[in-house]
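Following: one structure in structure tokens, then a few remarks.
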Protein chains: 2
Amino acid sequence: MTEGPTITTIAQRAGVSIASVSRVLNGLPTREDTVRRVMRAADELGYVPNSVARSLRNRRTDQVAFAMADIGNPVYVAMVREIQPVLKEAGYRLLIHSTDGDAEDELGVLRGLRERYVDGLIISPLRGVTEEHIEAIVAARAPVVVIGSLPEDMPEGALVDNVRTDSRTGVRLALDHLHAIGRRRIGFLNGPLDTVPGAARAAAYREALEALGLPYDEDLVEVGDFYRESGAHAARALLSRVPGVDALMCANDLIALGALDVLREQGRDVPGDVAVVGMDDTELASVAWPTLTSVSLGSAERGRAAAGLLLDRLQNGPREPRVVVVRPSLTIRGSTTLPGTSPGGAR
Amino acid sequence: MTEGPTITTIAQRAGVSIASVSRVLNGLPTREDTVRRVMRAADELGYVPNSVARSLRNRRTDQVAFAMADIGNPVYVAMVREIQPVLKEAGYRLLIHSTDGDAEDELGVLRGLRERYVDGLIISPLRGVTEEHIEAIVAARAPVVVIGSLPEDMPEGALVDNVRTDSRTGVRLALDHLHAIGRRRIGFLNGPLDTVPGAARAAAYREALEALGLPYDEDLVEVGDFYRESGAHAARALLSRVPGVDALMCANDLIALGALDVLREQGRDVPGDVAVVGMDDTELASVAWPTLTSVSLGSAERGRAAAGLLLDRLQNGPREPRVVVVRPSLTIRGSTTLPGTSPGGAR
DNA sequence: CATCCGGCCGTAAACGTTTACAGACCGCTC
DNA sequence: GAGCGGTCTGTAAACGTTTACGGCCGGATG
């Protein structure tokens, strides 16, 4: 594999020093004549600067990583979609780490920051930010944006911004809506309780019930994973245990899809017999049938905000940490409104 | 920002030379005592090797890029999902370039290979492989895997493997199926003709009709984009022009979703009045209602194959180019089988 | 004509690794 | 005790950039 030209090659051909070559290529003031000679040589040789050497010298890689649980989840895809153009615009490349929600993997990514292969990181830790995460972030000395919740008491040295949503309010919106359309036996299909969203949504469900004056009934709650199959499984269990349930609150859209599968299979009308609400308001919600009422947690917005915060730190240097909170909203679709009163279908 | 320890720091603390430090850290044979001293010092200092310096010296970055049109398209997500674990397993990081199908952008990525920020590239060029692409690939001198079709006459020096599918056969499968269930006025909603899939599918549609003894009718063809909105738009146009159409062949699932939106809106029964077939067999096909019959082009399989080919070249060095062809298959779902005869719903 | 100043340029060091090469040291053998 | 062989280690170069510093040269100024 023949090696390409370097500034040394150019320098020889143009009859100048490598310093001059570098200066010309970086647009530093140089005599007209030298500029021409260097440019000419560079052109003829088809020179392209070596980004690794440049990184070593400049102590920056122009790369940023985004780590999340599962690139298959449309929530994260929505985030990537927003993050990528912002970074590209600013001249950064994007690395993707799909950690499968594995805590070790997440920590690996954080610790990897010390290898300096990226200038910054956006991470969405499924299992929450532990002591170890914090240590790694402090040790990293590279800017990090956490999407999700962050402990109150972050140490001084941590260069970390935070983008979060308020899933408590999100669940509240959903239950208020279900209550408003007359549902009183509202089941809850949750994800793992040792994940941040899982725990938050469990608490929020209880609270919201209380606020509505409805009793909390353990039998109405199922805990599984954040996947479609798992949602189907949970729905089946719940429906057989409590046949009279008249609404299902699902901790994300995938779970809700699984629930819809089962309800259809069992011939129960949605929303006539059972109303269904998802969370995340992914594209899937608008594709499903009936279209799925879903709590929007502003994935796109969170992605954009995270990219913005990171870029700001990268470009303007240290500053005190910031927190951006994205407000949830409820997108009402067919799975909770009776056909007659449906406010129209897609998207 | 204090700088972290380097091998020099370790060398001082351990009272040895940097060469010894490097040897120890890389597991080269070294006296027991030296090993201990170096390890101890490294531990105490919390040393982490700088990957950029290592890359410069070793002439490899341990990074690989995947460039495709739109990370929002589930086809590419499926590919990423397969590519990532294979690469991670082999110690490579993954960069993502979402080019928006912009030819300049694609070329930019290919040319970027010469900057040596990745060791290899998987690219799915939406508009096909032009002369310029080939030039860039040859000049790159880094292994490239193209997902999609490749010209027959690749020059010698090009380190390029190829993974393709046979969308001709795919379309053929779909039309055979539609014909078998009695459809004779089969519309076609295509993507842009200047994209590789668009062109291939257009030709395939004609061929398949001919093989079935059906006339080709321009009025039955709409050309738009590979997006849902565009599919809706195209469907609306086609339906108003040819109200009697009894099936819609769609060039991808997103287009098919748009078509389903419109059919529902117009109160036409699917598949009773109009049968619909999508392509790519993405997750969306199993979520939509009615569930969508779709031609599977083996996205996951293509992703896996591409990663495998690239890895092989990276690890085992040059060899003659290979081509992997993934055979399409048809997944029959609700959008082409009458409710009564439906072979069961989801997935 | 000597001096000074400013603009360009080249030399060399630095970023943090890996590794070729040669030297130091040890223990053996004859 | 000299010579040899082997093991381990240190020196230094290399990867391809950027940039501090000082030198040189020209013109302007006294």
Side-chain angles (χ1 to χ4, degrees), chain A residues 1-39 41-42 45-63 112-119 141-142, chain B residues 1-39 41-42 45-63 112-119 141-142:
Chain A
M1 200 175 285
T2 41
E3 293 311 325
T6 71
I7 51 169
T8 311
T9 332
I10 298 184
Q12 284 163 356
R13 180 180 266 248
V16 298
S17 75
I18 61 167
S20 289
V21 175
S22 175
R23 276 187 289 256
V24 170
L25 295 175
N26 291 14
L28 295 174
T30 315
R31 196 158 44 113
E32 171 74 11
D33 173 52
T34 317
V35 173
R36 263 204 310 274
R37 300 235 300 285
V38 170
M39 284 310 206
L45 291 167
Y47 169 79
V48 177
N50 180 311
S51 63
V52 177
R54 181 176 278 174
S55 289
L56 179 59
R57 170 69 214 212
N58 292 347
R59 295 152 156 272
R60 50 185 305 209
T61 59
D62 295 323
Q63 298 189 150
L113 283 178
R114 304 196 51 209
E115 294 174 30
R116 321 232 72 151
Y117 64 83
V118 286
D119 298 337
R141 306 213 144 270
Chain B
M1 203 175 286
T2 41
E3 292 311 325
T6 70
I7 51 169
T8 310
T9 332
I10 298 185
Q12 285 164 356
R13 180 180 266 247
V16 299
S17 75
I18 62 167
S20 290
V21 175
S22 174
R23 276 188 289 258
V24 170
L25 296 174
N26 291 10
L28 296 173
T30 315
R31 195 156 46 110
E32 172 75 13
D33 172 53
T34 317
V35 173
R36 263 204 310 275
R37 300 235 301 285
V38 169
M39 285 309 205
L45 291 167
Y47 169 79
V48 177
N50 180 310
S51 63
V52 176
R54 181 176 278 174
S55 290
L56 179 59
R57 170 68 215 211
N58 291 346
R59 294 154 155 272
R60 49 184 309 206
T61 59
D62 295 320
Q63 298 188 150
L113 283 177
R114 307 198 49 208
E115 296 174 31
R116 321 232 72 148
Y117 63 85
V118 286
D119 298 337
R141 306 213 144 270

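Here is how names work: the chains are called A, B, and so on, in the same order as the sequence lines, proteins then strands, and each is numbered from 1. Please read all numbers here as calculations on a predicted model, not as lab measurements.
Within 4.0 Å of A:Pro49, counting heavy atoms only, lie sugar-phosphate atoms of the nucleic acid but no base atom. In this structure, B:Ser55 reaches neither bases nor backbone, as no heavy-atom distance under 4.0 Å exists between it and the strands shown.
Of all heavy-atom pairs between B:Ala11 and B:Ser17, the closest is CB-C, 3.8 Å. When all heavy atoms of B:Asp119 and B:Ala142 are compared, the pair lying nearest together is O-CB, 3.9 Å.
Side-chain atoms of B:Arg36 and B:Asp33, non-hydrogen and from C-beta on, do get closer than 4.5 Å to each other. In this structure, A:Asn50 and B:Glu115 have side chains that are not in contact, with every pair of non-hydrogen atoms separated by 4.5 Å or more. Between A:Arg116 and A:Thr61 there is no side-chain heavy-atom pair separated by less than 4.5 Å. Using a 4.5 Å heavy-atom threshold, the side chains of B:Gln12 and B:Thr8 count as touching. Side-chain contact check for A:Tyr47 versus A:Ile7: some heavy-atom pair is nearer than 4.5 Å.
Residue B:Ile7 contributes atom CD1, which lies 6 Å from atom P of C:dT18 at whole-angstrom precision. In this structure, A:Arg60 places its CZ atom 23 Å from P of C:dA14, rounding to the nearest Å. Remark: P of D:dC25 and CZ of A:Arg31 are 13 Å apart, rounded to the nearest angstrom. Rounded to a whole Å, the CG atom of A:Leu56 is 11 Å from the C1' atom of D:dT18. Between the CD atom of B:Glu32 and the P atom of D:dC8 there is a distance of 11 Å, given to the nearest Å. The distance from atom CG of A:Asp62 to atom P of D:dT17 is 15 Å, rounded to the nearest whole Å. In this structure, the OH atom of B:Tyr117 is 18 Å from the C1' atom of D:dT17, given to the nearest Å. If you take CG of B:Asn26 and P of C:dT17, they are 11 Å apart, rounded to a whole angstrom.
For the pair A:Thr34 and C:dC9, the criterion of a side-chain N or O lying under 4.0 Å from OP1 or OP2 is met. OP1 or OP2 of C:dG16 lies within a sub-4.0 Å distance of a side-chain N or O belonging to A:Arg59. For D:dT17, the OP1/OP2 oxygens have a side-chain nitrogen or oxygen of A:Tyr47 closer than 4.0 Å. Neither OP1 nor OP2 of D:dT9 sits under 4.0 Å from any side-chain N or O of B:Arg23. Between A:Asn50 and the phosphate of D:dC15, there is no side-chain N or O to OP1/OP2 separation shorter than 4.0 Å.
Across C:dT17, D:dT18, D:dT9, the shortest atom-to-atom separation from the side chain of B:Arg57 is found for C:dT17. Out of D:dT18, D:dT17, C:dT18, the shortest distance to the side chain of A:Ala53 is found at D:dT17. The listed nucleotides are C:dG16, D:dA20, C:dT18; the one nearest the side chain of B:Arg54 is C:dT18.
Against DNA chain D, the stretch residues 8-22 of chain A makes heavy-atom approaches under 4.0 Å through A:Ile18, A:Ala19, A:Ser22.
One finds the CG atom of B:Leu25 at 8.0 Å from the CZ atom of B:Arg54 (value rounded to the nearest 0.5 Å).
Looking at which nucleotide of DNA chain D each of B:Asp33 and B:Asn58 is closest to, the 5′-most match is held by B:Asp33.
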